[in-house]
Amino acid sequence: MQVQTLPAQSGDPVPHPRLGHVETVIVQSRVLSCDGGLGALGHPRVWLRIAGHQTFCPYCSRLFVLSPDAGEDSAH
């Protein structure tokens with residue numbers, strides 16, 4: 001499996017690795033939002049919850065993976 005790093009986009013401080021054609025984002029919280037990251041070219045903001053160790057955005061297919069060192073998250 002080839003991992004490729006993409007340059008940071010405007011407003012995005014950290015480059016994200018890509019696994020194949022899927023953008024993979026490492027997160028520290030089980031509750032997060034995704035808007036596609038392209039400003040007006042993105043998609044409506046959706047709120048996602050990571051139940052196990054990963055989830056994906058139903059609009060843009062970004063894969064969100066919970067960092068192994070993430071603390072316990074009690075968000076509702």
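In this chain, residues are counted from 1 in sequence order.
The salt bridge (Lys or Arg N to Asp or Glu O under 4.0 Å) pairs that include a residue from residues 36-45 are Asp35-Arg45, where partners are two or more places apart or lie in different chains. Legend: ring-ring contact (aromatic ring centres under 6.0 Å, His included) pairs involving residues 47-68, not counting sequence neighbours, sorted by first then second residue: His43-Tyr59.
The minimum heavy-atom distance between Ile50 and Val65, with the atom names listed, is CD1-C, 4.5 Å. The nearest pair of heavy atoms linking Cys34 to Cys60 is SG-SG, 3.7 Å. The shortest non-hydrogen separation linking Leu63 to Thr55 is CD1-O, 3.5 Å. Residues Cys57 and Leu48 share a closest heavy-atom pair of CA-CD1, 4.0 Å.
In this structure, Arg30 CZ and Leu66 CG are separated by 5.0 Å, a value rounded to the nearest 0.5 Å.
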